[in-house]
K.L.:
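The structure's right below; bear with me while I get my questions together.
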Amino acid sequence: MIDQHHASLRGPVLVTGGTGFIGGRPIERLVLEMKCRVRVLVRNFASAARIATLPVGYEAAFTLQSGMRLTEDWARWANLL
Amino acid sequence: MDLGVHDLDLLMWWLGDYESVVYRDDSVGGVEANCELELTLRNGISGIVELSRTRTLRNSCIIWGERGALEIGTSVNPLVRLTPNQGETPLTGRGAVAGRVEATFPDTFARQLSDFAECVRSGRRPFVSAEDARRVIGLVEACYAVRQPVVQPWAASPASRETRP
């Protein structure tokens, strides 16, 4: 649930599942009612048309996954994992 | 509007330039996913164009005349149906390039590139000119200039959904 605590957030909020029917509604509230800056994790941009009507930013899921893999590779290389 | 620009291009190619437009869309600071145009053309024809990224529409143009209606699909190998007003049997068929049974979506790009290459070789004018492109882009810009919020009575916060950038 989005409450007043979340309403006080002003930093970027990352939302997963936002391109779905249910996930799109919290994004609407975050952007239109709580004036939050929102970034949405998107796997398929063709399914992002509904939330594209809002001023949100996007993170491509494959970029994030590759980034995480890269970070893991570095961590392994540095014997951290 | 996205790919809908091609439908507007097609309409203007068939029916001529526009005189005025009333435009509504569902953007609240982002890119519209649904829009509608009330178009009046210079020859007096008026009509409504509805475009959507989120809904499955009919994907066709219906032209109502005094003695019947002509429906033409907007994709490749479009369905064409002529329905007379007087109860006569509708005529139905498919629009296709002469000599080809079925075209595919990539074919359309191949034909564009072939036409461009042929223009470079021969110096002739392209089948679709830059003036045509500028005309339809002009319509899109005219729409954005008079943009109004689409009516969404189901929205929980109508006032907030009408916020314009």
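Letters go in sequence order (proteins before strands), and every chain restarts at 1.
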K.L.:
Tell me, yes or no, whether the heavy-atom count around A:Phe45 atom CZ, taken from other residues, nucleotides or ligands under 6.0 Å, exceeds 12.
P.N.:
yes
K.L.:
Could you check whether atom CH2 of B:Trp14 has more than 12 heavy atoms from other residues, nucleotides or ligands sitting under 6.0 Å from it?
P.N.:
yes
K.L.:
Anything in residues 49-63 of chain B with a heavy-atom distance to chain A below 4.5 Å? Please list those residues in order.
P.N.:
B:Arg53, B:Thr54
K.L.:
Using only atom types and a distance under 3.5 Å, with no angle test, would you say the side chain of A:Arg39 pairs donor to acceptor with the backbone of A:Tyr58?
P.N.:
yes
K.L.:
Is there a salt bridge (charged side-chain N to carboxylate O under 4.0 Å, His left out) between B:Arg67 and B:Glu88 once you walk through the steps?
P.N.:
CA-CA 11 Å; B:Arg67 293 190 293 168; B:Glu88 297 164 52; over 6 Å; no
K.L.:
When you look at CZ of B:Phe127, are more than 12 heavy atoms from neighbouring residues, nucleotides or ligands closer to it than 6.0 Å?
P.N.:
no
K.L.:
Walk me through whether B:Glu131 and B:Arg134 qualify under salt bridge (charged side-chain N to carboxylate O under 4.0 Å, His left out).
P.N.:
CA-CA 5 Å; B:Glu131 287 81 10; B:Arg134 195 171 60 181; 5.5 Å; no
